[in-house]
Amino acid sequence: MSFRWISLAFAFAIGLGLCLPRPAARAQGPDGAEAAYRLALQHKQAGRAAQALRAAEEAIRIRPDHAAAHFTAGALHRRAGRLLEALVHFERVIEIEPNDAAGQRMVGSVLARLDRCEEAIAPLRRATQLDDDEVSAWGNLGACLRRAGRLEEAITAYRTGLRHVPNDPDLLNNLAVALRQAGREQEAVEALQAALARDPDNASFNINLATIYRRMRRWEDAARHYEAGLARDREETGAIFDLAYCYEQLSRPQDAIRAYRRYLERVRDRDPDAAARAEERLIGLGAE
């Protein structure tokens, strides 16, 4: 399962600024800071990331407590993968405005991406308190609690999020992952069925549900959802092996042989142990 909630999309494309505009007059005081900040937004909207960052930094130089400029600088650094620099700016946002939900959410998101989930939990929880219908905050909070081994708290976070954002398919899917890890397989099935009712073509949802059915030895259901998931995501190599095993249990040897051979083609040159395992299954099925 991919750890899909950790990222938060920002709608701007990074373009190439071949020539930099002359900086505006470096006016001091609040008006100069606001002018620089607005210039940063213009550059950002136009896809000129480097110029946008320079303008945001100019606004911060003039007025160090300009929270919006810090947020913009943080977003630009984050988009470029400079997570530590982004974190500095987002933490400054919540120092200036502790009740800024977006700032709290972004601090938590960046900490999670830095694999500092224990630290991320508090700002993410605060973000959900300040803005309880922001899906990404609930998703990231649940994911961090799950990665910290606090499964019941993660389940509670996902369920609480679903009360505020009913039937969100990604929250339902992530709830199912936590429930499966907690050994509550039937509840996980119900959550994934609800997710698929809202997004039936989602490959990950189908494969996650198939995995649970396989663990429950519900081979027919598992095979059906592996087939549906693989029809949409042909790169999910591990699911091919699992589908082949389901075919074996369903006494469909020819289907199993085809699936094991398909798996073997994928792993032969990069995973000798996995290839040997597939070859062993093929020998057991009498494949030539």
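- His66 and Glu34 are linked by a side-chain donor-acceptor pair at a separation below 3.5 angstrom, with hydrogens and angles left out of the test.
- Atom CG of Leu53 sits about 8.0 Å away from atom CD1 of Ile60, to the nearest 0.5 Å.
- Considering only residues two or more places apart in sequence or on other chains, Glu227 meets the side chain to side chain donor-acceptor pair (under 3.5 Å) condition with Tyr247.
- Checking each of Arg217, Arg224, His225 against Asp221 for a side-chain hydrogen bond (donor to acceptor under 3.5 Å, both in side chains) leaves exactly one that passes, namely Arg224.
- With a 6.0 Å radius and a threshold of 12 heavy atoms from other residues, nucleotides or ligands, Arg218 has its CZ atom above the threshold.
- Leu172 is connected to Val135 through a chain of hydrophobic side-chain contacts under 4.5 Å among Ile, Leu, Val, Met, Phe, Trp and Tyr, so both are in one cluster.
- Salt bridge annotation for Arg61-Glu58: present, with a cationic side-chain nitrogen under 4.0 angstrom from a carboxylate oxygen.
- Arg215 has its side chain within reach of Arg180: a pair of non-hydrogen atoms, C-beta onward, lies under 4.5 Å apart.
- For the salt bridge (charged side-chain N to carboxylate O under 4.0 Å, His left out) with Glu152, the lone residue among Arg159, Arg184, Arg146 that qualifies is Arg184.
- In this structure, Asp271 has no side chain to side chain donor-acceptor pair (under 3.5 Å) partners at least two apart in sequence or on a different chain.
- Salt bridge annotation for Arg54-Glu57: absent, with no cationic side-chain nitrogen under 4.0 angstrom from a carboxylate oxygen.
- Put simply, Val88 and Val93 are part of two different groups of oily side chains (I, L, V, M, F, W, Y) that touch within less than 4.5 Å, one to the next.
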- Derivation of the side-chain contact (heavy atoms from CB on, under 4.5 Å) call for Leu179 and Glu190: CA-CA 10 Å; Leu179 288 166; Glu190 292 167 3; over 6 Å; no
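- Between Arg232 and Phe205, every side-chain heavy-atom pair lies at or beyond the 4.5 Å cut-off.
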- side-chain contact (heavy atoms from CB on, under 4.5 Å) assessment of Leu39 paired with His43: CA-CA 6 Å; Leu39 181 61; His43 283 312; 3.7 Å; yes
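- Annotation: side chain of Glu153 is not in contact with side chain of Ile121 (no heavy-atom distance under 4.5 Å).
- Side chains of Gln104 and Asp131 form no contact here, defined as non-hydrogen atoms less than 4.5 Å apart.
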- Are Asp115 and Arg147 close enough, and set up right, to give a side-chain contact (heavy atoms from CB on, under 4.5 Å), and what steps lead you there? CA-CA 9 Å; Asp115 292 325; Arg147 290 172 66 185; 2.5 Å; yes
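- The closest side-chain heavy-atom distance from Ile155 to Leu175 is below 4.5 Å.
- Across all non-hydrogen atoms, the minimal contact from Leu171 to Asp168 is N-OD2, 3.0 Å.
- Proximity of Arg258 to Arg252: side-chain heavy atoms (C-beta onward) are nowhere separated by under 4.5 Å.
- With sequence neighbours left out, the side chain to side chain donor-acceptor pair (under 3.5 Å) criterion links Tyr37 to no other residue.
- Here the shortest heavy-atom pairing between Ala33 and Ala59 reads O-CB, 3.3 Å.
- Shortest non-hydrogen contact noted between Leu250 and Ala223 is CD1-CB, 4.0 Å.
- Side-chain polar atoms of Arg126 and Asn99 form a donor-acceptor pair below 3.5 angstrom.
- Of the possible polar contacts, one joining the Asn140 side chain to the Ser136 backbone as a donor-acceptor pair under 3.5 Å is found.
- Contact of the Ile212 side chain with the Asn208 side chain is not registered, since no non-hydrogen atoms from C-beta on lie closer than 4.5 Å.
- Taking the charged nitrogens against the carboxylate oxygens, Asp132 and Arg163 have no contact shorter than 4.0 Å, which rules out a salt bridge.
- The distance from atom CZ of Arg92 to atom CG of Asp65, rounded to the nearest 0.5 Å, is 6.5 Å.
- Taking every heavy atom of both residues into account, Ala244 and Ala256 meet most closely at O-CB, 3.5 Å.
- Transitive grouping of hydrophobic side chains (ILVMFWY, heavy atoms separated by less than 4.5 Å) brings Leu264 and Leu243 into a common cluster.
- In this structure, OG1 on Thr128 lies 11.0 Å from CG on Asp133, to the nearest 0.5 angstrom.
- Between His164 and Trp138, the ring planes lie parallel to each other; the angle is under 30°, not in the 30° to 60° tilted range.
- Transitive grouping of hydrophobic side chains (ILVMFWY, heavy atoms separated by less than 4.5 Å) keeps Leu124 and Leu151 in distinct clusters.
- Around atom CD of Gln193, more than 12 heavy atoms belonging to other residues, nucleotides or ligands sit under 6.0 Å away.
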- Apply side-chain contact (heavy atoms from CB on, under 4.5 Å) to Arg113 and Leu87, showing your working. CA-CA 11 Å; Arg113 287 183 60 183; Leu87 182 60; over 6 Å; no
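- Here the side chain of Arg270 pairs a donor or acceptor atom with the backbone of Arg266 at under 3.5 angstrom.
- The hydrophobic clustering, which links ILVMFWY residues whose side-chain heavy atoms are closer than 4.5 Å, places Leu76 and Ile96 apart.
- Heavy-atom minimum distance, Ala228 versus Asn206: CB-OD1, 3.6 Å.
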- Check the pair Arg214, Tyr226 against side-chain hydrogen bond (donor to acceptor under 3.5 Å, both in side chains), reporting the backbone distance first and the verdict last. CA-CA 10 Å; Arg214 180 172 54 82; Tyr226 277 129; 2.9 Å; yes
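- Looking at heavy atoms from C-beta onward, Phe90 lies in side-chain contact with Arg78 at the 4.5 angstrom threshold.
- Side-chain atoms of Tyr260 and Glu248 form a donor-acceptor pair, as typed in the model, at a separation below 3.5 Å.
- Atoms CG and CD1, from Asn202 and Ile207 in turn, are 9.5 Å apart once rounded to the nearest 0.5 Å.
- The nearest pair of heavy atoms linking His70 to Pro64 is NE2-O, 2.8 Å.
- Distance alone, capped at 3.5 Å, places no donor-acceptor pair between the Tyr158 side chain and the Leu141 backbone.
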